[in-house]
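Here is the structure we will look at, set down as C-alpha cells.
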Number of protein chains: 2
Amino acid sequence: MKTNKDYSENLKQSGLKITKQRVAILDILDKSKQPIAAEEVYENLKSNNISINLSTVYRTLELLTSKNLVLKVSIDGNSKSLFETNNMMHKHYLICTECKKILDIYYCPLENYEKELEQETHFKISGHRLDIYGLCPQCQKKINGGKNNI
Amino acid sequence: MKTNKDYSENLKQSGLKITKQRVAILDILDKSKQPIAAEEVYENLKSNNISINLSTVYRTLELLTSKNLVLKVSIDGNSKSLFETNNMMHKHYLICTECKKILDIYYCPLENYEKELEQETHFKISGHRLDIYGLCPQCQKKINGGKNNI
DNA sequence: ATGCAAATGCAAATTATTTGCATTTATTAT
DNA sequence: ATAATAAATGCAAATAATTTGCATTTGCAT
Ligand SMILES: [Mn+2]
Ligand SMILES: [Mn+2]
Ligand SMILES: [Zn+2]
Ligand SMILES: [Zn+2]
C-alpha cells in the first residue's frame with residue numbers, strides 16, 4: 001500500500017545508501033505532524049516491529065540533518081533535540097507552553113528588519129531563529145474553565 | 001574598591017541568604033560582557049581564588065534564574081546553557097557564527113506582528129525568542145582577506 | 001551565643017548523545 | 001548471480017552536561 005519511493009530517491013540524491021532503517025526513519029518523520037525526539041522515532045519504529053538500534057537512530061538523524069533532508073529543532077525548555085522532515089521552507093514555530101504543541105508559521109516578518117540591522121551593525125546576516133510562545137485555543141479554554149477572562 | 005552591596009540587596013529582596021558564593025557568582029556575571037556557561041563561571045571563580053564547587057555553581061545559577069536575577073540562554077549549536085545578569089529588558093541576540101560573539105539588541109520588531117498572529121491563530125501569545133545569526137565586521141574581514149567581495 | 005533551616009561540598013547518579021569496534025548489508029564490478 | 005568492498009548497523013562502553021542525596025557547614029533570627 002505504501003511506496004517509500006520518495007525517501008529512497010532523496011537518499012540516493014544525497015549519495016547515501018538506501019537501508020530499511022533510513023527509509024523507515026524518513027517515513028516516521030514524514031508521518032509525524034510534529035518534530036519528534038530521537039527516542040520517539042526509536043519507540044515508534046519498535047512499535048512498528050522495525051528492529052533498529054537507538055544509536056543508529058541518532059546517527060541517521062544526524063546524517064540526514066547534515067544532508068538537509070531533516071531539520072534538527074531545539075525548543076527552549078526541552079532537553080532533547082527534535083527532528084522533522086525538511087520541506088525546504090523558511091519558517092518559525094508557534095509553541096503552546098501548556099501542551100507543547102508546535103505550529104509552523106511560514107510568514108516571515110523580519111526580512112526588512114534584517115536589512116536595517118545589517119546597516120546598523122555592519123554584520124552580514126545569514127539567518128535567524130524565531131520561536132513564539134503562547135497558549136493554544138484549547139489550552140486557554142482548559143485553563144480558564146470557559147468563562148473567567150481577565 | 002568594589003562594593004558588592006547591589007548583589008546582596010538583590011539576593012535579600014528575593015528572600016535568599018547572602019553567601020560569598022552567590023555574591024561572587026553575581027559579580028562574575030555582571031563583569032562578563034557575554035552570557036557564559038556554568039563551567040566558565042566556575043573557572044573564573046577559581047582564578048579569583050574563590051573556593052566553590054561546580055554543583056553549587058549550577059544550583060546557584062538555576063536558583064538565580066528562577067528568581068529572575070539571572071537569564072539562562074541557550075544558543076543553537078552550543079551544548080551548554082549560558083547565563084547572564086538579567087537587566088529586565090526584553091531583547092534579542094545577534095550572534096556571530098564565526099567567533100560566537102553575542103550582541104544584545106533591545107529593539108523589537110515583532111510587537112505588531114504578535115497581535116496579528118493572535119488574531120489569525122487564536123493563540124494567546126506570551127512571548128518570543130529571536131536570535132539572529134551572521135558574521136560580525138571583524139570576522140567578515142578575516143574571512144575574505146579584506147578584498148574579495150561576492 | 002544558640003538553634004535551625006538553608007546552603008554547600010563531594011561523590012554518585014542521570015540524561016542525552018556519541019564513539020569504537022566487530023558484524024552485517026547495499027552497491028559495484030565481475 | 002557472485003564476489004569484493006566500502007558503508008551502515010548493533011552493541012556496549014564512553015562522554016558531556018547537569019542533577020541529586022546526604023553529611024557538613026553557614027547565615028541569620030532569636
Ligand atoms: Mn523568518
Ligand atoms: Mn522581541
Ligand atoms: Zn496547548
Ligand atoms: Zn565574529
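The model shown is predicted, which means the values in this text are computed figures rather than measured ones. Residue numbering restarts at 1 for every chain, and letters A, B, ... go by the order of the sequence lines.
Between B:Phe83 and B:Lys12, the residue anchored closer to the 5' end of DNA chain D is B:Phe83, taking for each the nucleotide with the nearest heavy atom.
Between A:Ile18 atom CD1 and C:dT25 atom C1' there is a gap of 13 Å when expressed in whole angstrom units. A:Glu39 has its CD atom 13 Å from the C1' atom of C:dT14, to the nearest Å. Between the CD atom of A:Glu62 and the C1' atom of C:dT17 there is a distance of 9 Å, given to the nearest Å. Going from atom CG of A:Leu61 over to atom C1' of C:dA16 covers 13 Å, rounded to whole Å. Whole-Å rounding puts the B:Asn78 CG to D:dA16 P distance at 15 Å. What separates CG of B:Leu82 from C1' of D:dT18 is a distance of 14 Å, to the nearest Å.
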Inset, instruction - Produce a footprint string for nucleotides 4-10 of chain D: one letter per nucleotide, 5' end first; B if the base is under 4.0 Å from any protein heavy atom, S if only the sugar-phosphate is, - if neither. - result: --BBSBB
Going by atom type alone, with no hydrogens or angles, which donor-acceptor pairs under 3.5 Å involve a side-chain atom of residues 11-19 of chain B and a protein atom two or more places apart or on another chain?
from    : atom 1 : to      : atom 2 : distance (Å)
B:Ser14 : OG     : B:Asn10 : O      : 3.2
B:Thr19 : OG1    : B:Arg22 : N      : 3.1

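One finds the CD atom of A:Glu116 at 10.5 Å from the CG atom of A:Leu110 (value rounded to the nearest 0.5 Å).
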Legend entry - Intermediate values then yes/no, side chain to side chain donor-acceptor pair (under 3.5 Å), A:Tyr58 and A:Asn53: CA-CA 9 Å; A:Tyr58 271 108; A:Asn53 189 275; over 6 Å; no
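Note on A:Ser81: a side-chain N or O is less than 4.0 Å away from OP1 or OP2 of C:dT17. In this structure, B:Tyr58 reaches the D:dT18 phosphate: one of its side-chain N or O atoms is under 4.0 Å from OP1 or OP2.
Here the closest heavy-atom approach between residue B:Thr65 and residue B:Leu61 is recorded as OG1-O, 2.7 Å. The minimum heavy-atom distance linking A:Leu135 with A:Gln140 is given by the pair O-NE2, 2.9 Å.
Under a 4.0 Å N-O distance rule, the pair A:Glu84/A:Lys72 does not qualify as a salt bridge.
C:dC10 is paired with D:dG21 under the Watson-Crick or G-U wobble criterion, all donor-acceptor distances under 3.5 Å.
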